[in-house]
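What follows is a set of notes on a single structure, which appears directly below.
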Amino acid sequence: MDKHARVRDMPVAWDSPNIYEKYDPKGKSALKKSWTRKFDASGISFNDKRTCTLVTRQHVVMARHYKRSVGEPVVFHDRRGRWCQRTIAKSLDVNGDVAIGLLNEPVPASYKVYPLLVAEPKLEESLLGELVIVTDQNRRLFVHEVASVRGTNIRFIFDEKKQIGFGKRLVSGDSGNPSFVMIGGEPVLIETHTTGGWGAGPFYGNALLQQKLEEAIRALGAGGSLRTVRWQ
């Protein structure tokens, strides 16, 4: 896939960056009728600022420094706004600022499980300048660019003059919110926020991080494994 095809695959930002018109952490929610409807956020739990993101039907990733505790609720809303609640049954610190939690039971098939990028040679180099969808604690979408990738860490930037979408300087409380690249219309998890500003955090296309995640998934139990997709 060429670079221009990937750009066309991104949602075109217009109107509001909000994912929801009305959000209810204890019931059905209404998605906003905007460009954000093209993005499947059903695998992101926004009912707490300590955001959780599905990587299997029963495992979520979180920021290690801003994670939910065992017994706390994890709420998802599918593409029709339908509500699903689980709780954190167990959790493990993985690598760097990544923790993984085991839900008390799997989520239904209508909720999105996000794949990761296949860790392959020259992936870091090929991602430079690519567009990413960045989320925040207020359930919004922003369009940033990859500024650098070094080992298990990735950093973003945005340039308001390019008008590629809404950009945001991340702040306290945004930690753990996920970022994605788009491949064939599917969001692929690439990062969860550790720092503020343009955004930076663990790079989920890194082989070592993926190995540590798989080990933690096996240790937590309940089966399941990561899914990966190729960038090129």
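What you see is a predicted model, and the numbers here were worked out from it, not measured in a lab.
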* Residue pair Ser29, Asp24: steps toward the side chain to side chain donor-acceptor pair (under 3.5 Å) verdict -> CA-CA 5 Å; Ser29 295; Asp24 184 351; 5.9 Å; no
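- Of the possible polar contacts, none joining the Asn18 side chain to the Arg140 backbone as a donor-acceptor pair under 3.5 Å is found.
- The closest donor-acceptor contact from the side chain of Gln58 to the backbone of Leu103 lies under 3.5 Å.
- Checking Lys33, Arg139, Lys32 one by one against Glu21, the salt bridge (charged side-chain N to carboxylate O under 4.0 Å, His left out) holds for a single residue, Lys32.
- Between the side chain of His59 and the backbone N or O of Leu220, no donor-acceptor pair lies under 3.5 Å.
- Using a 4.0 Å cut-off between charged side-chain N and carboxylate O, Asp93 and Arg64 make a salt bridge.
- Taking CG of Leu226 as the start and CD1 of Ile100 as the end, the distance is 7.0 Å to the nearest 0.5 Å.
- Of the inter-residue distances, the one linking Arg68 atom CZ with Arg50 atom CZ reads 6.5 Å to the nearest 0.5 angstrom.
- To the nearest 0.5 Å, the span separating OH on Tyr111 from CG on Leu54 amounts to 10.5 Å.
- Between Phe156 and His144, the ring planes are perpendicular. Angles over 60° get that label, and only those under 30° would be called parallel.
- We find that Glu186 and Arg227 are joined by a salt bridge, their nearest charged nitrogen and carboxylate oxygen being less than 4.0 Å apart.
- Between His77 and Tyr20, the ring planes lie perpendicular to each other; the angle is over 60°, past the 30° to 60° tilted range.
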* Does the side chain to side chain donor-acceptor pair (under 3.5 Å) test come out yes or no for Glu214 and Gln210, once each step is laid out? -> CA-CA 6 Å; Glu214 290 284 17; Gln210 291 181 10; over 6 Å; no
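- Using a 3.5 Å distance cut-off with no hydrogens or angles, the side chains of Ser42 and Asp78 do not pair a donor with an acceptor.
- Ring centers of Tyr114 and Tyr204: at least 6.0 Å apart, outside the cut-off.
- Salt-bridge check for Lys168 with Asp174: passed, with a basic side-chain N closer than 4.0 Å to an acidic carboxylate O.
- Of the inter-residue distances, the one linking Trp231 atom CH2 with Leu123 atom CG reads 8.5 Å to the nearest 0.5 angstrom.
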